[in-house]
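Have a look at the structure below, then the notes.
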Protein chains: 2
Amino acid sequence: MPPPTDLIRQTPLFRGLDDSALRSVIAEARGSRLPAGNILFHQNDALARLWVVTAGRVQLFQLTPEGHQVILHIAGPGQEVGLLPALTDAPSPVSARAVEDSSLLAWRAEDFRALMRGHPQLGFNAIAILGEHIRLYQDRIRELTTERVERRLARTLLRLAKQLGKRTPEGVLIDLPLSRQNLAEMSGTTLYTASRILRGWEDAGIVSSGRERVVIRSPHKLVTIAEDLQR
Amino acid sequence: MPPPTDLIRQTPLFRGLDDSALRSVIAEARGSRLPAGNILFHQNDALARLWVVTAGRVQLFQLTPEGHQVILHIAGPGQEVGLLPALTDAPSPVSARAVEDSSLLAWRAEDFRALMRGHPQLGFNAIAILGEHIRLYQDRIRELTTERVERRLARTLLRLAKQLGKRTPEGVLIDLPLSRQNLAEMSGTTLYTASRILRGWEDAGIVSSGRERVVIRSPHKLVTIAEDLQR
DNA sequence: GCGGCTCTTTGCGCTGGCGCAAAGACGCGG
DNA sequence: CCGCGTCTTTGCGCCAGCGCAAAGAGCCGC
């Protein structure tokens, strides 16, 4: 199976590269597969590679000593994984796990850095990507310190819909196996509270959810909750 | 007053530059002063400059529509402010305010980017700095979702001590005007809870605090609380 | 050295959200 | 198509932390 050139061309990390640059990038890539549930790396691992997801979903998370999992990001096709450790030689602050059967392209960190020296655009792209993450994290910190669970859960769903949403006749499907537990780990709450809130929304016709599945029937009402405009 | 060359040399953003590069960097800098309490910029401003703090403290924060303030970072001498907007042309996600009388050096964003093209080391430094922020934000998100207020407050103080701590006969002084309100805005709690917890630590001899002032008498005990090892 | 502003403390009542326990629903694999 | 493992729901009791209100303390400027 050849590397999916079109996908690479649209990957934010490789945006703006000319065809010859793209060819040298692709020449260095190695493909691999990661079945659902498998770990790509653990937090504190020293990584020698940078990955780009080509299919599936890879979850970035941290595990506390007490065993609580916190989901920080979900990378879908076209998104990179392990960028920060590849660029800074520091161990990874997060762990990565496939939540679906996934395919990845990998570059050795040193090869990627060599590419960066030859193509400064890569450096600007990397900065833009890191910057985007910073903004998202700052938003989450603000939400966690100032907002109630219901609002945060609404925001989590809206973020997921924006990133991984799929239009269907019944509404916007979050295209990802997504348990109440996962939702809690993304919103800063517990399994129980997430379940109760989702039940309420179900009754209000805002979402329609099942086992590891959420469909947003009324994105508008969800925005209303996220922005606290209901009353 | 000439630009403080030694400080610039030690600034993470300018690390590893040779003398001639450093000279061209300094040649482009403009100094300015910002009295305590003054705003440098607001969130959503399009910034045309990048700053480095040379004296004082500059607080980066967000304000919610409800009027709650969340403090995301405090930049002291040698730390940059406005790096992300200067590099990405996006509006600033945060506001910045001097919490002490401060002095800054400023570069026009376009001048800085020109310097970056000539000195790739600047790009790597920028990436390392953004990466450091990402790590800190990820840690805070994990703490906010899994830890109790007391632990988070302990961590906040330890972080401040590491960054701005000053050894004194009575202990490590957080060298910054720091109200209970500020502490709450950094830890994700309220003025009242922060006050009560600090009172408890005072009685236990762990800290010694006054009006906008905190001294850590026993960093070790504070670590014990932050790591939840007490019992 | 006085007045006033701001910061801090603390009593009190309240509630959002936690988390156990147990029952119910779903769907995969054999 | 049956059984089992996993995910979800919900009753229930509890408490950490919130936030008002009011008093107290500290500091600055005149």
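Every heavy atom of this structure was used, including side-chain atoms; hydrogens, water molecules and symmetry mates were not. The sequence lines fix the lettering, A, B, ..., with proteins before strands; numbering per chain opens at 1. Computed from a prediction, not measured in an experiment: that's the story for all the values here.
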Just compare D:dC18, D:dG11, C:dT9 and give me whichever is closest to any side-chain atom of B:S195. C:dT9
Provide, to the nearest angstrom, the distance between the CZ atom belonging to A:R148 and the C1' atom belonging to C:dC14. 12 Å
Nearest-Å distance for atom pair CD/P, residues B:E202 and C:dT8: 12 Å
Measure from the side chain of B:R211, starting at C-beta and using heavy atoms only, and say which of D:dA21, C:dA25, D:dC27 lies closest. D:dC27
Quick check on C:dC7: is either OP1 or OP2 less than 4.0 Å from any side-chain nitrogen or oxygen of B:S179? no
Within the distance-only criterion (no hydrogens, no angle test), does the side chain of B:R151 pair as donor or acceptor with the backbone N or O of B:A226 below 3.5 angstrom? yes
Taken to the nearest whole Å, CD1/A:I197 to C1'/C:dG16 is 10 Å
A:R199 CZ to C:dG24 P: how many Å, rounded? 15 Å
Taking CG from A:L198 and P from D:dT10, how many angstroms apart are they, rounded to a whole number? 11 Å
Mark yes or no for whether A:T193, through its side chain, and A:T189, through its backbone, hold a donor-acceptor pair below 3.5 Å. no
Whole-Å distance separating the CG atom of A:N182 from the P atom of D:dT8: 8 Å
Ring-face cation of B:R9 near B:F14 (centre distance under 6.0 Å, axis angle within 45°): no
Without decimals, in angstroms, what is the distance between A:Q181 CD and D:dT9 P? 13 Å
Taking only the side-chain heavy atoms of A:T190 (C-beta and beyond), determine which of D:dG17, C:dT10, C:dG19 contains the nearest atom. C:dG19
Less than 4.0 angstrom between a side-chain N/O of B:R180 and OP1 or OP2 of C:dC7, yes or no? no
Can you tell me how far P of D:dT8 sits from CG of A:D203, to the nearest Å? 17 Å
Where the side chain of B:T189 is concerned, which of D:dA25, C:dG17, D:dC18 is the nearest nucleotide? D:dC18
Show your working on side-chain contact (heavy atoms from CB on, under 4.5 Å) between B:Q62 and B:H68 and close with a plain yes or no. CA-CA 8 Å; B:Q62 286 191 348; B:H68 292 119; over 6 Å; no
Would A:Q163 and A:Q79 count as having a side-chain donor-acceptor pair, cut-off 3.5 Å? yes
Nearest of C:dC7, D:dA16, C:dC26 to any side-chain atom of B:E212? C:dC7
Can you tell me if A:R196 touches the phosphate of D:dT9, counting only side-chain N or O atoms and a distance under 4.0 Å to OP1 or OP2? no
